[in-house]
Amino acid sequence: MLNELNCMRVTLLGTGTSQGVPVIACQCDVCHSTDGRDNRLRSAIMIEEGSTRVIVDVGPDFRQQMLRQKVDNIDAILLTHEHADHIFGLDDIRSFNWIRKSAMDVYCEPRVQNNLKSIFNYVFATQKYPGTPQMNLIDLDSNAITIGSLTVQPIRVYHYQLPVYGFRVGNFAYLTDFNSIEDHELDKLAGVEILVICSLRKTSHISHLNLAEAIGLIERIKPRKAFLTHMSHEMGKHQDLLAELPAHIEPGYDGLIIDL
Ligand SMILES: [Zn+2]
Ligand SMILES: [Zn+2]
Ligand SMILES: [Zn+2]
């Protein structure tokens with residue numbers, strides 16, 4: 001069982017873009033870096049407070065992330081959107097189904113639920129194969145939800161044209177896979193102290209913030225500290241980025257723990 005935490009703790013489980021870093025077969029310097037911080041699994045975070053533990057996004061590296069952080073139980077999963085790098089680990093929630101002897105609560109919006117029902121059709125079949133993962137899909141909309149001791153406020157962002165949810169929990173916010181946000185949603189981020197925000201690469205992209213755009217949004221939200229995530233190998237090495245960025249902005253890395 002989780003040792004009860006007095007604070008809220010966020011662990012970056014993965015900080016890489018959809019291909020991860022290193023990229024299969026890539027010969028670049030970043031993909032061959034000997035700095036462990038340049039190895040980036042697909043983006044996901046874990047939020048813990050008291051005895052409550054929530055995972056945001058369950059990509060293809062979920063199994064490895066749970067083993068690496070020695071996670072022995074989780075209470076719920078929040079999904080930002082249905083892209084493969086955010087959901088393709090869901091088959092591995094079976095271990096937690098067995099530990100909890102119950103279905104896993106998976107919070108996502110109706111569109112994402114429809115995608116899950118199609119991609120994981122065997123999970124939702126009327127005649128299930130024994131041992132199939134069990135998910136309890138729960139609607140997510142613009143209203144705050146309560147999971148254990150955590151109050152989670154969804155934040156609407158846009159991934160090119162695809163609506164995606166980011167999340168604010170207390171003075172922490174996690175925003176990934178987007179490149180636009182409306183002012184009334186930005187207002188919901190007032191007072192955020194720690195922000196984890198996507199920054200794909202330095203050059204522009206149709207559906208992700210690049211570094212300059214991420215810095216621009218950080219300057220509007222004004223957190224005490226911002227960590228970059230969902231990074232491509234094109235962002236360069238962690239150490240070089242750290243030297244380039246202002247003191248209040250750091251590249252995130254897998255395993256980074258943030259206590260709030
Ligand atoms: Zn992604
Ligand atoms: Zn590379
Ligand atoms: Zn995406």
Side-chain angles (χ1 to χ4, degrees), residues 10 12-46 55-65 77-90 92 106-116 118-120 140 154-167 173-181 185 195-211 213-214 217 227-241 251-254:
V10 175
L12 303 189
L13 299 172
T15 55
T17 188
S18 60
Q19 294 186 293
V21 184
V23 175
I24 293 173
C26 184
Q27 301 305 324
C28 85
D29 270 5
V30 179
C31 289
H32 283 263
S33 168
T34 52
D35 183 342
R37 295 171 302 180
D38 290 321
N39 285 341
R40 302 184 184 280
L41 298 179
R42 267 58 71 92
S43 290
I45 62 168
M46 176 163 67
I55 304 288
V56 181
D57 286 337
V58 177
D61 300 317
F62 176 70
R63 174 179 174 275
Q64 207 177 332
Q65 290 163 342
I77 288 167
L78 295 162
L79 298 177
T80 58
H81 66 304
E82 65 271 42
H83 284 164
D85 54 321
H86 298 260
I87 65 165
F88 271 23
L90 278 169
D92 285 317
V106 178
Y107 291 83
C108 55
E109 61 188 295
R111 184 200 75 239
V112 176
Q113 293 181 20
N114 289 336
N115 277 283
L116 294 181
S118 152
I119 294 164
F120 297 96
L140 199 60
I155 307 288
R156 175 60 89 201
V157 293
Y158 291 91
H159 196 16
Y160 180 46
Q161 292 176 334
L162 183 75
V164 168
Y165 275 125
F167 300 103
Y174 182 65
L175 304 176
T176 190
D177 289 63
F178 77 109
N179 59 346
S180 68
I181 179 169
E185 293 298 298
L195 174 67
V196 175
I197 186 168
C198 63
S199 172
L200 182 75
R201 61 189 190 193
K202 291 175 180 168
T203 53
S204 60
H205 187 274
I206 191 170
S207 65
H208 288 278
L209 294 174
N210 68 9
L211 180 58
E213 291 163 339
L217 257 184
F227 295 95
L228 307 179
T229 191
H230 210 289
M231 285 178 274
S232 148
H233 61 156
E234 293 174 56
M235 271 288 265
K237 291 185 183 174
H238 182 97
Q239 194 58 46
D240 296 338
L241 267 174
Y253 56 88
D254 292 20

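First listed ligand is number 1; within each ligand, the first listed atom is number 1. The first residue of the sequence shown is numbered 1, and numbering continues consecutively from there. From a predicted model like this one, the values you see are computed outputs, not experimental measurements.
From Met46, atom CE reaches atom CD1 of Ile77 across 12.5 Å, with rounding to the nearest 0.5 Å. Between atom OG of residue Ser204 and atom CG of residue Asn210 there is a gap of 6.0 Å, rounded to the nearest 0.5 Å.
For Asp85, the N/O/S atom at the shortest distance from the Zn ion (ligand 1) is named OD2. Looking only at N/O/S atoms, His159 comes nearest to the Zn ion (ligand 3) through NE2. Within His233, the N, O or S atom lying nearest to the Zn ion (ligand 2) carries the name ND1.
None of the N, O or S atoms belonging to His83 lies under 2.8 Å away from the Zn ion (ligand 1). Put simply, Cys31 gets within reach of the Zn ion (ligand 2), with an N, O or S atom under 2.8 Å from it. At a threshold of 2.8 Å, the Zn ion (ligand 1) has a backbone or side-chain N, O or S atom of His230 nearer than that distance. The Zn ion (ligand 3) has no N, O or S atom of His86 under 2.8 Å away, backbone or side chain.
With no hydrogens or angles considered, no side-chain donor-acceptor pair links Asn115 and His81 at under 3.5 Å. Inspection of the His86 and Asp177 side chains reveals an N or O donor paired with an N or O acceptor under 3.5 Å. In summary, the side chains of Arg42 and Gln65 do not present any donor paired with an acceptor at a separation below 3.5 Å, with no hydrogens or angles considered.
Rounded to 10 degrees, the NE2-metal-OD2 angle spanning His81 and Asp177 at the Zn ion (ligand 3) equals 90°.
Relative ring orientation between His83 and His159 is described as tilted, the plane-to-plane angle lying within the 30° to 60° band.
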